[in-house]
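Reading through the C-alpha cells given below for one structure.
Both counts, for ligands and for their atoms, begin at 1 and track the order of listing.
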Amino acid sequence: MYTQSFSVSDEPGKQQKAVLSTESPELMARFDARIDADGRIEPQDWMPEAYRKTLVRQISQHAHSEIVGMLPEGNWISRAPSLKRKAILIAKVQDEGGHGLYLYSAAETLGTSRDQMLDGLHSGKAKYSSIFNYPTLNWADVGVIGWLVDGAAIMNQVPLCRCSYGPYARAMVRVCKEESFHQRQGYEGLLVMMQGTEEQKAMVQDAVNRWWWKCLAMFGPPDADSPNSAQGMRWGIKRVSNDDLRQKFIDATVPQAKVLGVTLPDPDLKWNEERGHHDYGQIDWSEFWDTVNGNGPCNKERLSTRVKAHNDGAWVREAAIAHARKQQQRQIKEAA
Ligand SMILES: [Fe+2]
Ligand SMILES: [Fe+2]
C-alpha cells in the first residue's frame, strides 16, 4: 500500500517496534482525551514522540510512494496510443507529483525537512509502496494501474481523510478526489481496449493477471501479522484493518471485472453467501517481502531513475532559490 508504515519499517529487515512513551502523564491524558473524542491534533499541539515519529514515517512513505509512483506510468507518456490518452496520462502523472508535494509539506509540519526525507528515499533507507517495483510491460498496464492500483489506493486512503493528524487528513481529501479520477480513467481505457481486437483483449487480461495479486498485497500483511496496526488504530491514524480493506477492495472489484469481461486470476475466488463476502486464495507473502526488501524486478531501476531526476533538477532548485533571494532583496530595497 502507499502507507505501509505499520507493517514495513524503514530499517531494512526489521519490523517496526512499538515505542513506549515516557512523557508527562498530564499532557498524555489531554492528548488521549482529544483522540478519544475523535478530535484533530494540529502541528502546534503537544503530541507524544512516538505518535510524531509514526506519522513522519507514514506520511513520508506515502509521499515517496506518490513520487516513485510517477515512474512506471511516466514510461508510457511518450508511447501513449493517442493524443487524448497522452494528455490524460500526463495529467495523472502530474497529479501524483502534486500528491507527493502536499504530503512532504504535511510531514514538514512535524519537524522534519524535505531534504531529510529525500535523503532517506535516495539512500534506500526509506520505503515506498512495493507495487511500484514491478514493470509496466504493455499499454494495458497503464489502464490496470489506474483501475486496480489507484483503486486499492483509494480504498486505503479514504479512511485517512479522518486521520487524527489535521494536516494529513486535510491533504487526503483532495488526494482522494484526484485518485478517483485516476481509477476511472484507467477503467475507461480498459473498457475501450476490451471492445477492440483479440490482441487488445489479450493485453488487458495479461496485465490483470500480472497485477491482481500484487494489488491485494498492497493492503499489507494479514491482521494477525501486523502487531503495530493496533497502536495506529488507537491513535486514530489507521482506521480500518489491512484484511478488512483488502476484502472491501475484492468485493468492489469483482463486479467491475465482470463488466469489463476479464477473469481475475484466482481459482478460489467465489462469493460466500454466509459471510456476505468473496472468499479468495493465498497471497504469496514471500514475494511481497522480497520486493519490500529491495529484490523486486525494478527496485534498483526505480531508485536510480529517481536519484538521477533529483540530481538533474538541482539547477531548477538553485535557480528558484536565487530568484527568491533576488525578489527579497528588491523588496528590502524598495521598503528602505
Ligand atoms: Fe496519488
Ligand atoms: Fe493516483
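A perpendicular orientation is assigned to the rings of His62 and Tyr168, their planes being inclined by more than 60° (bins at 30° and 60°). Ring pair Tyr134/Trp211 is perpendicular by interplanar angle, where above 60° counts as perpendicular and below 30° as parallel.
Using a cut-off of 2.8 Å, one finds that His99 contributes no N/O/S atom close to the Fe ion (ligand 2). The Fe ion (ligand 1) has no N, O or S atom of Glu178 inside 2.8 Å of it. For residue Glu179, an N/O/S atom approaches the Fe ion (ligand 1) to within less than 2.8 Å. Residue contacts to the Fe ion (ligand 1): Asp150 brings no N, O or S atom closer than 2.8 Å.
Looking only at its N/O/S atoms, Glu96 has OE1 as the one nearest to the Fe ion (ligand 1). Looking only at N/O/S atoms, His182 comes nearest to the Fe ion (ligand 2) through ND1. Of all the N, O or S atoms in Glu66, the one closest to the Fe ion (ligand 1) is OE1.
Grouping the Ile, Leu, Val, Met, Phe, Trp and Tyr side chains by contacts below 4.5 angstrom, directly or via other members, places Val259 with Trp212.
Judged purely by atom type and a 3.5 angstrom limit, Arg34 has no side-chain atom pairing as donor or acceptor with the backbone of Gly39. Formation of a donor-acceptor pair under 3.5 Å by the Asp223 side chain with backbone atoms of Asp243 is found in this model.
The list of salt bridge (Lys or Arg N to Asp or Glu O under 4.0 Å) pairs with a residue in residues 80-89, not counting sequence neighbours, reads Arg85-Glu188.
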